[in-house]
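What's counted below: heavy atoms across the whole structure, side chains too, no hydrogens, waters or symmetry copies.
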Amino acid sequence: MMLGEIRHYLKKRDVATLSDVATRFDVSPEAAQLAVEYWMKQGKVKAVSAACGSSCGGCGSANESYQWVDKMTPVTWYKS
C-alpha cells in the first residue's frame, strides 16, 4: 500500500470508510488509518459525517468516512 495509491482511490471514490481502504489494499484497519491520517495532516482528506445522517457514532470508527478534498486556489480580482 502506497500513499499515492490511497490518494488515487479516495479521489476516485470521493468518500470511503477505513474499512473500504483496508479491504481494497488488504491491510489492517490500523494501517489504513495511519495512511488516511497522513493525508488529513496534509489537508487533503477530511472526515465526513455518517452516511445515514446520524451522529450517534453507533457504527464505530472502523466505518468512519473520509473524503478527498482538493483545495482550490482563491482567485483575486483586482480593479484597474
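- A32 and V27 make their closest contact through N-CG2, 4.1 Å (heavy atoms, listed as atom of the first residue, atom of the second, distance).
- Here the closest heavy-atom approach between residue V69 and residue V45 is recorded as CG2-N, 4.0 Å.
- Taken from NZ in K11 to NZ in K44, the straight-line distance is 7.5 Å, to the nearest 0.5 Å.
- A donor-acceptor pair is defined here as one N or O able to donate and one able to accept, closer than 3.5 Å; no such pair exists between the side chain of W68 and the backbone of H8.
- Contact annotation: the side chain of P29 never approaches that of L18 to less than 4.5 Å [non-hydrogen atoms, C-beta and beyond].
- Summarising the geometry of L10 relative to A16, their closest heavy-atom pair is CD2-CB, 3.8 Å, with the distance given to 0.1 Å.
- With a 4.5 Å cut-off on side-chain heavy atoms, E37 and L34 count as touching.
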Intermediate values then yes/no, side-chain contact (heavy atoms from CB on, under 4.5 Å), W39 and Y66: CA-CA 10 Å; W39 287 117; Y66 297 92; over 6 Å; no

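- Atom CZ of R13 is separated from atom CD of Q67 by 12.0 Å, given to the nearest 0.5 angstrom.
- With values rounded to the nearest 0.5 angstrom, R24 atom CZ is found 7.5 Å from K12 atom NZ.
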